[in-house]
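The block underneath contains the structure these notes are about, expressed in structure tokens.
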Amino acid sequence: MISGAPGPFEPTLEIANAPIASTRRKVVGIVRQQYNDMDMRRLVVWTAVYLCLAGAVFAQPLPGRIDPQRTPTLSPHFEPEYAYDVPIDAERWARVTPGLHVGFGITDAIYFRSEVPAVADDARALDAGAWRGERLNAVLLVWSAAALEQVRVEASDLTDTNGHKLGDVGLQLVRYVLSNYPAGARNATCDAGSAEAWLLPDRLEPYDRFDLPARTVRPVWLSLDIPATAAPGRYEGTLRVTAGNDSATLRLKIAVQHAVVPPPHDWVFRLDLWQNPWVIAWYYHVAPWSDEHKLLLKQHLKLYADAGGKYITTYAVHSPWQDNSYMIEGGMIEWIKEKTGSWRFDYRIFDEYVALAMAAGIDKAITIYTPLPWASRFRYLDEPSGNYVQENWAPQSDMFRRVWHVFLDDLRRHLQQKGWLDKTYLGINENELSSTLTTIKVIKEHSPTWRITYAGDWHAELDGLLDDYSFVHGKEPTMDVVKARAAKGFSSTYYVCCTPPMPNTFVFSPPAEGRWLGWYAMAYGYDGFLRWAYDAWPADPVRDARHVLWPAGDTFLLYPGAQSSIRFEKLREGIVDFEKIRLARERAAQSSDPEVKRLLADLNQHLDRIATEREFKEEQVRDILQRATRTLTMLSDRLFH
């Protein structure tokens, strides 16, 4: 303890131990009290020295500091959408009359959150038709210049004149997500990046009610699954929208045709959406392959099965695509190198996932990726050390041939025991031709009965070697080649990925392009469609669909919570159209009705145009699909009664 009174220019213990801000205030007080003192200069010097020393201590860099430019921006509450968009035509909102506005839009269009929709306020009637067993989609738009609270949408029963009820109208909120391209962009590339952002509608979310901020639009997605047993005829009902004292009523008129769409499991269309089960565990913070994980996967796979999914995606090797996914695909078959140098293989995860997918109704094909991983990189567990080892086994190497023949021996035995061999394909993806040919040779040397699928450019050299060939759109063979493959019993599909820019299923793609994909498969003679990926989510998929590398939405069609998307529903519509055309053609082949023949010729003309379309102007795509759909509807009415 310091005893005695302090000198006039010495800091007291109280000042020395006080916080810096308090110390500064006390020093200033001393300066004022002793301003006229003869030793004022000594006080000024002491004050300056003290403050400089204190400032130096506090200015020193502290460990753990994050670069301010990379510090995440905090929000006081969770934001379901990054609603930072601004209208480009704000003056239109000034002309919107006060109160609640509602109207039906079209599912083939994009409606922006901050722009007055190009929909008449009196567009309050929906008149649509569908087959029994079909899903009918529609979109309702709600907008207002002033904020509205607790907006509710209620659907009445849909009934015919005999009192038959058609089923419940499903209602889902359309949420907006971030995209790295604007709506309708035609210049997307495979190295898109994420420097810019646009807010676009896509995610479908269950809801009870919603608030509507001033000068905004909220789409509501309507879906009606028409029972296969429904009585044909016209059904009517209403939608009632309320917000406080405001209300509006809209009319629904649904014409149910006699024809029946089979259940999705029985669709012929071969849909192959690649799955990544690990992303589900990562997103929900559950242990991979735990009971919690499997329960989530069961819910997650239901939508794929309900869209007619046929292929189960499995992985014989760890991270086959050279770590390109945000959450990499892990191996489902553990490769273990024993002390003796011999190999054994653990199929536990593979078996569990295949069984889970089959239980969901996805049971037509199993694809095992891949004998040819990118960069020829393979991982195995070294049993003596307990460490994972990564090695590169080029397909031309003796190591590749030797180890893969050991694995194929074991895999064949295992698949035969499970009864899965006849539906299994060994999958190769987008590799150079020489490596692909060498890999196929190694596989066929082991056994010519192995079935192989390949996704990539068309190569005539591969044609007779592949049981299943998926061509990237725009780099396809002729329609005659596709037809010849079908005559040999080979299946052919096509795919889109980060290329081409259109048609595609990006978040910014015109929704009609999703439906177009099914029509194109029918027009070109394909058996189906492939897409990477079903669920390769980026960091924050619920709100931000952008990926570090690729166009927004390229890596997934389904959102967490097994929530569908506009893109997924439009893709499904096109698949259903494929099935309807197939069934109509089969029935028409047995008809001698001249009107049937005329309508079928009209439909084939529409399909010919679709097969050769390359411009993909949005309005043109919509017009072609609308005309073709009307023809298919008239043909269906004539054929099925």
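By the 4.5 Å heavy-atom criterion applied to side chains, Q172 and V220 are not counted as neighbours. Contact annotation: the side chain of W267 never approaches that of R582 to less than 4.5 Å [non-hydrogen atoms, C-beta and beyond]. Inter-residue side-chain proximity for D202 and R175 is flagged as unmet; no heavy-atom pair is nearer than 4.5 Å.
For Y326 and W282, the gap between ring centers is short of 6.0 Å. For Y520 and H473, the ring centers are positioned less than 6.0 Å apart. Between W519 and F578, the ring centre distance reaches or exceeds 6.0 Å. Aromatic rings of F640 and W131 (six-membered ring for Trp) have centroids within the 6.0 Å cut-off, being under it. The distance between the ring centers of F616 and W516 falls below 6.0 angstrom.
Between E205 and R203 a salt bridge is recorded (basic side-chain N to carboxylate O distance below 4.0 Å). Between D225 and R132 no salt bridge is recorded (no basic side-chain N to carboxylate O distance below 4.0 Å). For R70 and D67, the salt-bridge test fails: no basic side-chain N is under 4.0 Å from an acidic carboxylate O. The pair E81-R218 meets the salt-bridge criterion, since a charged nitrogen lies less than 4.0 angstrom from a carboxylate oxygen. Using a 4.0 Å cut-off between charged side-chain N and carboxylate O, D127 and R234 make a salt bridge. The residues E619 and K617 are annotated as not salt-bridged, no charged nitrogen and carboxylate oxygen being separated by less than 4.0 angstrom. Ion pairing between E569 and R572 fails under the 4.0 Å rule for side-chain N and carboxylate O. Salt bridge annotation for R135-D306: present, with a cationic side-chain nitrogen under 4.0 angstrom from a carboxylate oxygen.
A donor atom on one side chain and an acceptor atom on the other are found under 3.5 Å apart for R543 and Y82. Residues D191 and T189 have side chains that bring a donor and an acceptor to within less than 3.5 angstrom of each other. In this model, a donor atom of one side chain and an acceptor atom of the other lie less than 3.5 Å apart for D85 and S114. Inspection of the Q257 and E134 side chains reveals no N or O donor paired with an N or O acceptor under 3.5 Å.
Rounding to the nearest 0.5 angstrom, the gap separating the CG atom in N180 from the CZ atom in F508 is 6.5 Å. In this structure, W274 CH2 and Y495 OH are separated by 7.5 Å, a value rounded to the nearest 0.5 Å. Taking CG of L635 as the start and CZ of R630 as the end, the distance is 15.0 Å to the nearest 0.5 Å. Distance CG/L639 to NE2/H258: 13.0 Å, rounded to 0.5 Å.
The closest donor-acceptor contact from the side chain of Y181 to the backbone of S509 lies at 3.5 Å or more, if one exists at all. Looking at K253, its side chain never comes within 3.5 Å of a backbone N or O of R251 through a donor-acceptor pair. Here the side chain of N324 pairs a donor or acceptor atom with the backbone of W321 at under 3.5 angstrom. Using a distance-only test at 3.5 Å, with no hydrogens or angles considered, no donor-acceptor pair links the side chain of Q299 to the main chain of L297. Remark: side-chain polar atoms of T238 are not paired, donor with acceptor, to backbone N or O of T249 under 3.5 angstrom. Checked by atom type and distance alone, the side chain of N504 pairs as donor or acceptor with a backbone atom of C497 at under 3.5 Å. Looking at R567, its side chain does come within 3.5 Å of a backbone N or O of G553 through a donor-acceptor pair. Listed for the K580 side chain is no donor-acceptor partner under 3.5 Å among the backbone atoms of T633. Looking only at distances, a side-chain donor or acceptor of S565 sits under 3.5 Å from a matching main-chain atom of L557.
More than 12 heavy atoms of other residues, nucleotides or ligands shown are found within 6.0 angstrom of CG on N604. When the shell of 6.0 Å around CZ of R152 is examined, it contains more than 12 heavy atoms from other residues, nucleotides or ligands. Heavy atoms of other residues, nucleotides or ligands lying less than 6.0 angstrom from CG of D89 number more than 12. Within a 6.0 Å sphere centred on CD of E149, heavy atoms belonging to other residues, nucleotides or ligands number 12 at most. Applying the 6.0 Å contact sphere to CZ of R92 captures more than 12 heavy atoms from other residues, nucleotides or ligands.
Of the two cysteines examined, C498 and C190, the SG atoms meet the criterion of being under 2.5 Å apart.
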Would W143 and W93 count as a ring-ring contact (aromatic ring centres under 6.0 Å, His included) if you check the C-alpha gap in whole Å, the side-chain angles of each, and the deciding distance to 0.1 Å?
CA-CA 10 Å; W143 70 98; W93 283 110; 8.1 Å; no
Criterion side chain to side chain contact (heavy atoms under 4.5 Å, CB included) on R124 and V102, from CA distance to verdict
CA-CA 7 Å; R124 297 192 176 186; V102 299; 3.7 Å; yes
Kindly indicate, with the supporting measurements, whether the criterion ring-ring contact (aromatic ring centres under 6.0 Å, His included) is fulfilled by F529 and Y494.
CA-CA 5 Å; F529 174 74; Y494 80 106; 5.3 Å; yes
Please step through side chain to side chain donor-acceptor pair (under 3.5 Å) for the pair N137 and R515, ending with a clear verdict.
CA-CA 12 Å; N137 294 316; R515 187 180 180 196; over 6 Å; no
Between K570 and D108, is the salt bridge (Lys or Arg N to Asp or Glu O under 4.0 Å) condition met? List the steps.
CA-CA 8 Å; K570 296 303 293 184; D108 286 338; 2.7 Å; yes
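Using cut-offs of 30° and 60° for the angle between ring planes, the Y304 and Y534 rings count as tilted. Taking the six-membered ring where tryptophan is involved, the planes of W537 and H300 are perpendicular, since the angle between them exceeds 60° and thus also 30°.
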